[in-house]
Amino acid sequence: MPRTRGLLSCVAAGLLLTACFGPGTTRTTRLFVLHSTAPSSSGPASDLRLGIGRISLPELLNRPQIVTRMGTNEVRLADFSQWAEPLEQSIPRVLSEDLARRIGTDRVAVYPWPTQLKVDLMVEIAIVRFDADADGEVSLVARWRVLRPDGSELHPLRASSYTETSADHSMEAAVAAMSRALGSLSREIASAIQATPR
């Protein structure tokens with residue numbers, strides 16, 4: 001008899017959960033990717049060989065979940081909205097696509113590149129902040145510099161800050177705004193490179 005009561009309790013609990021959530025209700029994890037937003041260069045093709053060095057990220061961002069900043073001291077991890085690839089891979093990928101389009105070169109390498117590959121210039125970037133807040137405003141703060149092949153600075157360390165407003169409060173719109181913020185960073189880097197005689 002006690003065993004029968006236990007079985008009936010389990011069945012009742014299962015029916016209650018089904019009534020509340022519906023049969024087979026589950027949340028699907030959505031995967032997002034950053035994308036290049038840069039237009040193609042309208043100038044002559046460049047033979048510049050550019051290297052995108054290692055991109056450093058805060059440990060806070062080094063995770064699959066997309067981070068939303070809820071306040072000065074609080075962040076929220078979106079368990080069901082995640083990156084399809086790690087940011088340490090997607091950020092240099094997008095920046096390399098953006099810079100290749102803006103400068104007009106198809107010779108952009110991403111760290112680590114083969115030892116036999118020689119680059120003319122290298123860009124080093126440290127991402128300080130890269131997230132959206134609860135209202136959908138995206139903030140990107142980065143420090144970057146351009147180096148010659150021998151390691152000397154062509155452009156000294158710069159601090160850049162960008163904000164982009166999402167089209168709506170969806171995660172898809174926030175990720176699109178993040179891509180635009182990266183595009184703004186690539187535009188500033190490309191302008192610095194193009195303004196310097198080689």
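Values reported hereafter were calculated over all heavy atoms of this structure, with side chains retained and with hydrogens, waters and symmetry mates removed.
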What's the verdict on side-chain contact (heavy atoms from CB on, under 4.5 Å) for Ser184 and Glu164, showing C-alpha distance, side-chain angles and the deciding distance?
CA-CA 10 Å; Ser184 296; Glu164 289 283 343; 3.9 Å; yes

Would you name the heavy atoms of [X] and [Y] that are closest together and state the gap between them?
{"X": "Ser166", "Y": "Ala177", "answer": "OG-CB, 3.9 Å"}
{"X": "Val110", "Y": "Pro92", "answer": "CG1-CB, 3.8 Å"}
{"X": "Val119", "Y": "Leu50", "answer": "CG1-C, 4.3 Å"}

Non-hydrogen side-chain atoms of Ile189 and His155 separated by less than 4.5 Å
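Of all side-chain heavy-atom pairs linking His155 with Ile189, none is under 4.5 Å.
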
Side chains of Leu87 and Leu34 in contact at under 4.5 Å (non-hydrogen atoms)
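Counting from C-beta outward, Leu87 and Leu34 do come under 4.5 Å.
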
Are Leu154 and Leu95 connected into the same hydrophobic cluster when the rule is that any two of I, L, V, M, F, W, Y join if their side-chain heavy atoms are below 4.5 Å apart?
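Yes, same cluster.
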
Answer yes if Met122 and Ile193 sit in the same cluster of Ile, Leu, Val, Met, Phe, Trp and Tyr residues linked by side chain heavy atoms under 4.5 Å apart, and no otherwise.
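No, separate clusters.
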
After noting the C-alpha distance and the side-chain angles of Asp131 and Val75, does the key distance pass the side-chain contact (heavy atoms from CB on, under 4.5 Å) rule?
CA-CA 10 Å; Asp131 54 44; Val75 296; 5.7 Å; no

Which pairs of donor and acceptor atoms, one on a side chain in residues 55-63, lie under 3.5 Å apart (sequence neighbours left out)?
residue : atom : partner : partner atom : Å
Arg63   : NE   : Leu60   : O            : 2.7

Please list all pairs passing the side chain to side chain donor-acceptor pair (under 3.5 Å) test where one or both residues lie in residues 75-92, with sequence neighbours left out.
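Output for this query lists Glu85-Arg93.
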
Which pairs, with at least one residue in residues 99-116 and sequence neighbours excluded, count as a side chain to side chain donor-acceptor pair (under 3.5 Å)?
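Matches after skipping sequence neighbours: Ser36-Arg101, Arg54-Tyr111, Arg102-Ser186.
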
Within the supplied structure, the quantity of interest is the number of heavy atoms (other residues, nucleotides, ligands) at a distance under 6.0 Å from Asn73 CG; does it exceed 12?
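It does not: Asn73 CG has 12 such atoms or fewer within range.
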
Ile91 vs Ile125, side-chain contact (heavy atoms from CB on, under 4.5 Å): CA-CA, chis, key distance, verdict:
CA-CA 10 Å; Ile91 290 176; Ile125 303 169; over 6 Å; no

In the hydrophobic cluster built from side-chain contacts under 4.5 Å, what are the other members alongside Met70?
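Noted: Met70 shares its cluster with no other residue.
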
Considering only Ile, Leu, Val, Met, Phe, Trp and Tyr, and joining two whenever side-chain heavy atoms are under 4.5 Å apart, list the other residues clustered with Phe80.
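Other cluster members: none.
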
Please set out all donor-acceptor pairs under 3.5 angstrom arising from side-chain atoms of residues 133-145, sequence neighbours excluded.
residue : atom : partner : partner atom : Å
Asp133  : OD1  : Asp135  : N            : 2.9
Asp133  : OD1  : Gly136  : N            : 3.0
Asp133  : OD1  : Glu137  : N            : 2.9
Trp144  : NE1  : Ser160  : OG           : 2.8
Arg145  : NE   : Glu124  : OE1          : 3.0
Arg145  : NH1  : Glu153  : OE2          : 3.0
Arg145  : NH2  : Glu124  : OE1          : 3.0

Is there a donor-acceptor contact under 3.5 Å from the side chain of Ser179 to the main chain of His35?
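Judged by distance alone, yes, a pair lies under 3.5 Å.
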
